[in-house]
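What follows is a short report on a single structure.
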Amino acid sequence: MPATNYPNLYEWGVYSRTRDGFGDVVPTEAYADGGKLRARITNLNSNEETRYEAKGLILRATIVVRQYVALKPLDRLTDVDTEFVWKVLTAYPGDNETICEVESV
């Protein structure tokens with residue numbers, strides 16, 4: 001598909017956790033810079049959910065990223081224009097694109 005079909009620009013935060021000297025996961029989480037990705041957002045919807053004993057609005061969407069990218073669950077996509085952050089739930093290949101199910105952070 002032509003680049004005009006992917007109007008949004010996202011910064012890719014690659015999820016990573018560090019390990020201590022014993023090999024155990026350290027509780028701090030970090031997001032390494034994975035570069036910028038062209039994408040389009042589809043199927044935007046919202047639900048009110050209870051998490052951690054508090055109600056909140058959760059946005060869910062499908063983001064279609066141009067080309068095949070090694071996105072994985074827990075990575076983050078930050079919209080460059082609005083600075084809205086999405087957490088990747090699933091990522092799978094499509095037709096010369098990567099399809100991601102995401103939710104708001």
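The hydrophobic cluster analysis finds Leu57 isolated: no Ile, Leu, Val, Met, Phe, Trp or Tyr side chain comes under 4.5 Å of it, directly or through other members. Within the hydrophobic cluster formed by Ile, Leu, Val, Met, Phe, Trp and Tyr side chains joined at under 4.5 Å, directly or through other members, Val105 is accompanied by Val85.
What you find for Leu71 and Cys100 is that their closest heavy atoms are CD1-SG, 3.3 Å. Annotation for Val102 and Val88: closest pair CG1-CA, 3.9 Å, computed over non-hydrogen atoms. Residues Ile58 and Glu49 come closest through the heavy atom pair CG1-OE1, 3.9 Å. Of all heavy-atom pairs spanning Ala39 and Ile63, the tightest one is CB-CG2, 3.7 Å.
No single ILVMFWY cluster, assembled from side-chain heavy atoms under 4.5 Å apart, contains both Leu77 and Ile99. Under the 4.5 Å side-chain heavy-atom criterion for ILVMFWY residues, no single connected hydrophobic cluster contains both Tyr15 and Leu37.
Contact of the Val65 side chain with the Gln67 side chain is not registered, since no non-hydrogen atoms from C-beta on lie closer than 4.5 Å. Val80 places none of its side-chain heavy atoms less than 4.5 Å from the side chain of Tyr10.
Screening residues 73-83 for salt bridge (Lys or Arg N to Asp or Glu O under 4.0 Å) gives Lys72-Asp75 as the qualifying pairs, with residues at least two apart or on separate chains.
A donor-acceptor contact shorter than 3.5 Å links the side chain of Arg38 to the backbone of Pro7. Not a single donor-acceptor pair under 3.5 Å links the side chain of Thr62 to the backbone N or O of Asn43.
For the side chain to side chain contact (heavy atoms under 4.5 Å, CB included) with Asn8, the lone residue among Ile41, Val64, Thr82 that qualifies is Ile41.
Listed by chain and residue number, nothing satisfies the side-chain contact (heavy atoms from CB on, under 4.5 Å) test with Asp33 (two or more places apart in sequence, or in another chain). Phe84 is linked by a ring-ring contact (aromatic ring centres under 6.0 Å, His included) to Trp86, counting only residues two or more places apart in sequence or in another chain. In this structure Thr90 satisfies the side-chain contact (heavy atoms from CB on, under 4.5 Å) test together with Tyr92, Glu101, sequence neighbours excluded. Scored by the salt bridge (Lys or Arg N to Asp or Glu O under 4.0 Å) test, Glu103 finds Arg51, Arg60, Lys87 as partners (sequence neighbours excluded).
Within the model, atoms NZ of Lys36 and OG1 of Thr78 stand 10.0 Å from one another, a figure rounded to the nearest 0.5 Å. Tyr6 contributes atom OH, which lies 7.0 Å from atom CZ of Arg66 (distance to the nearest 0.5 angstrom). For the atom pair CG of Leu59 and CG of Asn45, the computed distance is 8.0 Å after rounding to the nearest 0.5 Å.
Looking only at atom types and distance, the side chain of Tyr68 has no donor-acceptor partner in the side chain of Glu97 under 3.5 Å away.
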